[in-house]
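One-based numbering along the sequence shown.
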Amino acid sequence: MNMNLFGHHGQWLMVDCGVTFDEPLSADSDGAMGQKHDVVCADPSFISRQKEHLAGIVITHAHEDHIGALPYLWRRFKCPVYTTAYTAEILRRKLSSSNQGAAIPIIEVTTNETIDIGPFSVQWMAVTHSIPEPHALFIQTPAGNVFHTADWKIDPKPVTGKPFNHNPFKLLRKQNVQAMVCDSTNALRSGNSVSEGECFVGLSELISHASGRVVVGCFSSNIARLITLAQIAKQTGRYLSLLGRSLQNTVGAAKATGHWPDDLPMVDPYHTGYLLPHEVLAVATGSQGEPRAALSNLANDSYRLLSLDKGDLVIFSSIVIPGNERSIEKLISAFRARNIRTISADESALPIHASGHPCRDELALMYDWVRPQIAVPTHGEQEHMLANADIALQRHVPKTLVGKNGDVFVLSPNPKLLKNAVKTGRIPLQQ
């Protein structure tokens, strides 16, 4: 549930405003300790109390943990939102469903564009990730410059969007980057992440040898994976259908912004149940075992558009998010009890899922290219951030700052700024 604040000269810039799901609320969350809710967001009270000093909100990409809280919280901030076309399209659809319509002023930006937002000069730098138009941010102020990676990986074959281009990041070493705020999600994994393009071979192998219906569970925001499945459907003589509103919404946004190939058709999900078994390739929501999603209803044979039979195949083209193990095991058991085959990414000999985050070798490369004075790991648990910090130190970054939610880091000390942070911010402060 990302929400980052950068402060300078009495003003603040918010980077991302996301949600997470179905977790017990803690003292760092917007609610009472011990309660459980479907959607959890970061506590916005610090900036809500001084919203007149919030210059703007920047959204790096359209994943729920970066954008999902905005429809709920924007009324507390009431400032412009800056993002790219695809993310803006996803946001507008969210706002329409929450009856906010055009209430939020959304300013669309393009790759490499630099926008002045209060005292912050923000440049959008294209990266590769598991969603269209992901961007890192180069934030410049008179007090110092910050490179905020957001979610990223080095992907030479991302399926949607251009391959990762390292040249702009190598140029940052000449920009005197004071701090690099960096994704730590895969900092415990050695080597490099699997390219999204490599999933085609693994998924094609499984689907082409299946005799019955095939249902694939994957994250609904992963347009690249959906394009891959549409290509495989075309290749194998199957018809692709999307089971779940969030899948239909993200593909609709991709079509509206030019990210969906015109030669990859889909069938109306209402027609799926009338197809012959060997003609069915459906993508369903609920790969994390969500009880109201399409996969759970299929497992319980209660989905109104499609029923699965003995010998059909369910592919989990996704990772297991920590905390969801039991719900996923329950889901798989329900399928297997009905003699419906299942296969997960861990069980497949060929890649059928690719993470959208950098592994250790990719992190080391980015630190070599940027050469910041300070590394500020973010994303993941404490062990992931500590591993990221260790990589930074190995790549000769002089200083690392690893903290907890709500900590304030003074990246470029200024007596007035420091005094204000102590007065209004949350402690501890680290310099």
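Here N145 contributes atom CG and S412 contributes atom OG; the two are 9.5 Å apart, rounded to the nearest 0.5 Å. Rounding to the nearest 0.5 angstrom, the gap separating the CG atom in L281 from the CE atom in M266 is 12.0 Å. Here the CD1-NZ distance, from I374 to K399, works out to 5.5 Å after rounding to the nearest 0.5 Å. A distance of 11.0 Å separates CD1 in I352 from SG in C218, rounded to the nearest 0.5 Å. From T128, atom OG1 reaches atom CG of D155 across 5.0 Å, with rounding to the nearest 0.5 Å. Summarising the geometry, atom SG belonging to C359 is positioned 8.0 Å from atom CG belonging to D361; distances are rounded to the nearest 0.5 Å.
With respect to the salt-bridge test (charged N to carboxylate O, under 4.0 angstrom), the residues D263 and K234 qualify. In this structure, K330 does not pair ionically with E325, as no charged nitrogen and carboxylate oxygen lie closer than 4.0 Å. With respect to the salt-bridge test (charged N to carboxylate O, under 4.0 angstrom), the residues R225 and E196 qualify. Between R92 and E108, at least one side-chain nitrogen of the basic residue sits less than 4.0 Å from a carboxylate oxygen of the acidic one, meeting the salt-bridge criterion.
Other residues, nucleotides and ligands contribute over 12 non-hydrogen atoms within 6.0 Å of the NZ atom of K51. The 12-atom threshold is exceeded at CG of D268, counting heavy atoms of other residues, nucleotides or ligands nearer than 6.0 Å. The environment of R245 atom CZ is sparse: at most 12 non-hydrogen atoms of other residues, nucleotides or ligands sit within 6.0 angstrom.
Aromatic pair W12/F46: centroids less than 6.0 angstrom apart. Ring centroids of F6 and H148 are separated by less than 6.0 Å, placing the two rings close together.
Side-chain contact, S130 with N222: no donor N or O sits under 3.5 Å from an acceptor N or O. E113 and T110 are linked by a side-chain donor-acceptor pair at a separation below 3.5 angstrom, with hydrogens and angles left out of the test. In the model, E133 has a side-chain atom that pairs as donor or acceptor with a side-chain atom of H259 under 3.5 Å. Looking at H396 and R371, their side chains never bring a donor and an acceptor atom within 3.5 Å of each other. Between H66 and N2, the side chains place a donor N or O and an acceptor N or O closer than 3.5 Å (distance only, hydrogens not considered). Donor-acceptor pairing under 3.5 Å is recorded for the side chains of D43 and S45. A donor-acceptor pair shorter than 3.5 Å cannot be found between the side chains of E290 and T285.
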V370 and F138: side-chain contact (heavy atoms from CB on, under 4.5 Å), yes or no, with the steps?
CA-CA 11 Å; V370 178; F138 182 46; over 6 Å; no

Show your reasoning for whether ring-ring contact (aromatic ring centres under 6.0 Å, His included) applies to H63 and H129.
CA-CA 10 Å; H63 275 147; H129 186 44; 4.9 Å; yes

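Between S96 and R93 there is no side-chain heavy-atom pair separated by less than 4.5 Å. Taking 4.5 Å as the limit, every side-chain heavy atom of L70 sits out of range of all side-chain heavy atoms of Y72. Considering only heavy atoms from C-beta on, V122 stays 4.5 Å or farther from Q140 through its side chain.
Between the side chain of E205 and the main chain of G202, no donor-acceptor pair closer than 3.5 Å is present.
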Which pairs would a plain distance check flag for residues 159-171, meaning a side-chain donor or acceptor within less than 3.5 Å of a matching protein atom at least two apart in sequence or in another chain?
| from | atom 1 | to | atom 2 | distance (Å) |
| --- | --- | --- | --- | --- |
| N165 | OD1 | N167 | N | 3.1 |
| N165 | OD1 | N167 | ND2 | 3.3 |

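Considering L229, L247, T272 as possible partners of L242, the one that fulfils the side chain to side chain contact (heavy atoms under 4.5 Å, CB included) test is L247. A side-chain hydrogen bond (donor to acceptor under 3.5 Å, both in side chains) with H135 is found for exactly one of T60, T111, T84, namely T111. Applying side chain to side chain contact (heavy atoms under 4.5 Å, CB included) to V214 and the options I315, V283, T236 leaves one that passes, I315.
Of all non-hydrogen atoms in S184 and N388, the two that sit nearest each other are OG-ND2, 2.8 Å.
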